[in-house]
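Hydrogens, waters and symmetry mates are skipped; everything else that's a heavy atom, side chains included, is used. Keep in mind the model is a prediction, meaning the values are calculated, not measured.
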Amino acid sequence: MSDGLDTLIHELHAQADDPTPTEETPEVGIIMGSDSDLDVMEGAYDALRELGFAEQTDYDDPPEARFTFESYVVSAHRTPDLMYAYGETAADRGLDVIIAGAGGKSADLPNMTASIAYPLPVIGVPVQEKSVDSVIGMPTGAPIVAVDAGKSYNAALSAVQILGREHAELVDRLEAEHESLRAGVADVSKSLHDHGIDGFRDRRE
């Protein structure tokens with residue numbers, strides 16, 4: 001095991017043994033099989049930030065925001081020991097839900113993490129269309145929630161929906177975000193109607 005990997009695994013277990021109040025630890029964990037998945041997984045970051053979450057990069061120095069998230073690269077095939085450590089310690093480190101993205105035909109990170117972290121909910125994100133079958137292919141009794149290929153934004157919304165069962169303020173934020181989307185559709189609809197297709201296109205250019 002490399003020194004860097006050994007240090008990461010040690011830190012996860014140390015955090016699990018630390019009695020830090022859950023209000024000071026991340027509620028959401030974002031993991032992905034490779035940093036090449038980041039372009040797709042960035043949607044989850046966007047959604048969480050829009051809903052008032054802050055990224056926590058130092059376990060011992062949390063941001064001021066009440067709700068936070070963390071992120072790691074965890075390869076199911078190249079670093080299975082890190083995947084096991086992450087899944088095994090997730091609940092004890094204060095996480096309430098994990099968003100896991102992976103690509104390729106053997107996109108095993110989401111479903112393996114769901115098995116290891118059970119009963120903590122895991123939301124799988126197939127990074128590519130060819131990854132869908134691998135991500136959702138779980139046997140009865142070992143569930144995973146999954147979104148469509150590339151829809152990490154939706155995965156984050158689902159994570160906050162889960163948290164909203166315990167935190168009413170997150171429900172308010174979700175409702176405000178949804179109302180903003182509705183208003184955006186109404187604005188576009190009115191603009192298309194009022195300006196016609198040619199005028200509408202000219203306004204968008």
Side-chain angles (χ1 to χ4, degrees), residues 1-17 22 25-45 47-48 55-56 59 68-163:
M1 186 184 300
S2 71
D3 290 342
L5 186 59
D6 187 45
T7 298
L8 271 177
I9 291 172
H10 174 76
E11 287 177 353
L12 292 174
H13 285 287
Q15 292 168 10
D17 293 335
T22 55
T25 60
E27 284 79 24
V28 181
I30 300 175
I31 57 175
M32 61 201 81
S34 168
D35 61 344
S36 65
D37 300 331
L38 190 55
D39 286 346
V40 170
M41 296 302 294
E42 195 168 356
Y45 292 73
L48 291 172
E55 186 171 9
Q56 185 164 342
Y59 189 84
T68 61
F69 66 93
E70 65 176 18
S71 59
Y72 286 92
V73 171
V74 180
S75 172
H77 303 116
R78 295 184 295 275
T79 59
D81 38 2
L82 179 59
M83 177 185 66
Y84 273 92
Y86 192 86
E88 289 170 344
T89 63
D92 288 336
R93 294 192 305 109
L95 292 177
D96 293 304
V97 58
I98 297 170
I99 300 168
K105 289 186 176 180
S106 297
D108 295 322
L109 178 64
N111 45 37
M112 288 299 297
T113 301
S115 179
I116 297 165
Y118 184 84
L120 201 72
V122 174
I123 302 170
V125 180
V127 170
Q128 301 156 332
E129 195 70 39
K130 63 184 176 182
S131 312
V132 172
D133 287 345
S134 180
V135 170
I136 66 175
M138 292 290 278
T140 300
I144 187 171
V145 176
V147 296
D148 198 3
K151 299 293 177 62
S152 66
Y153 191 100
N154 281 354
L157 293 183
S158 293
V160 180
Q161 285 178 311
I162 292 170
L163 294 171

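Counting heavy-atom neighbours within 6.0 Å of Tyr59 OH, excluding the residue itself, gives a total above 12.
At a threshold of 4.5 Å between non-hydrogen side-chain atoms, the residues Ile123 and Ile162 count as touching. No side-chain heavy atom of Val122 sits under 4.5 Å from any side-chain heavy atom of Val145. Between Val73 and Leu82 there is no side-chain heavy-atom pair separated by less than 4.5 Å. The shortest distance between side-chain heavy atoms of Glu70 and Ile31 does not fall below 4.5 Å. Side-chain contact between Val125 and Lys151 is absent, with no heavy atoms from C-beta onward closer than 4.5 Å. Taking 4.5 Å as the limit, every side-chain heavy atom of Thr25 sits out of range of all side-chain heavy atoms of Leu95. Between Ile99 and Phe69 there is no side-chain heavy-atom pair separated by less than 4.5 Å. Looking at heavy atoms from C-beta onward, Met83 lies out of side-chain contact with Asp81 at the 4.5 angstrom threshold.
For Gln128 (side chain) and Gly104 (main-chain N/O), a donor-acceptor pair under 3.5 Å exists by modelled atom type. The backbone N or O of Thr68 sits less than 3.5 Å from a side-chain atom of Glu27, completing a donor-acceptor pair. Of the possible polar contacts, one joining the Ser134 side chain to the Ala107 backbone as a donor-acceptor pair under 3.5 Å is found. Formation of a donor-acceptor pair under 3.5 Å by the Ser34 side chain with backbone atoms of Ser36 is found in this model.
Atom OG of Ser115 and atom CG of Asp108 lie 11.5 Å apart (nearest 0.5 Å). Separating the NE2 atom in His13 from the CG atom in Asp92 is a distance of 10.5 Å, to the nearest 0.5 Å. Note that OG of Ser75 and CG of Asp37 are 9.5 Å apart. Values are rounded to the nearest 0.5 Å. Atoms CG and OH, from Leu12 and Tyr84 in turn, are 15.5 Å apart once rounded to the nearest 0.5 Å. Thr113 contributes atom OG1, which lies 8.0 Å from atom CD1 of Ile144 (distance to the nearest 0.5 angstrom). The OG atom of Ser71 sits 11.0 Å away from the CD atom of Glu42 when rounded to the nearest 0.5 Å.
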Under the criterion side chain to side chain donor-acceptor pair (under 3.5 Å), I'd like the reasoning laid out for Gln15 against Thr89: C-alpha separation, chi angles, the key distance, then a yes or no. CA-CA 8 Å; Gln15 292 168 10; Thr89 63; over 6 Å; no
Determine whether Leu109 and Val74 satisfy the following criterion, side chain to side chain contact (heavy atoms under 4.5 Å, CB included), listing intermediate values before the conclusion. CA-CA 8 Å; Leu109 178 64; Val74 180; 4.0 Å; yes
Determine whether Ser152 and Tyr45 satisfy the following criterion, side chain to side chain donor-acceptor pair (under 3.5 Å), listing intermediate values before the conclusion. CA-CA 9 Å; Ser152 66; Tyr45 292 73; over 6 Å; no
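Closest heavy-atom contact between His77 and Ser106: CE1-O, 2.9 Å. Residues Met138 and Ala114 come closest through the heavy atom pair CE-CB, 4.2 Å. Contact between Pro126 and Val147 at its shortest, heavy atoms only, is CD-O, 3.1 Å. Summarising the geometry of Ile30 relative to Tyr86, their closest heavy-atom pair is N-OH, 4.3 Å, with the distance given to 0.1 Å. For the residue pair Thr22 and Gly94, the shortest heavy atom distance occurs at CG2-CA, 4.3 Å. Heavy atoms only, all atoms of each residue included: Ala100 and Pro110 are closest at O-CG, 3.3 Å.
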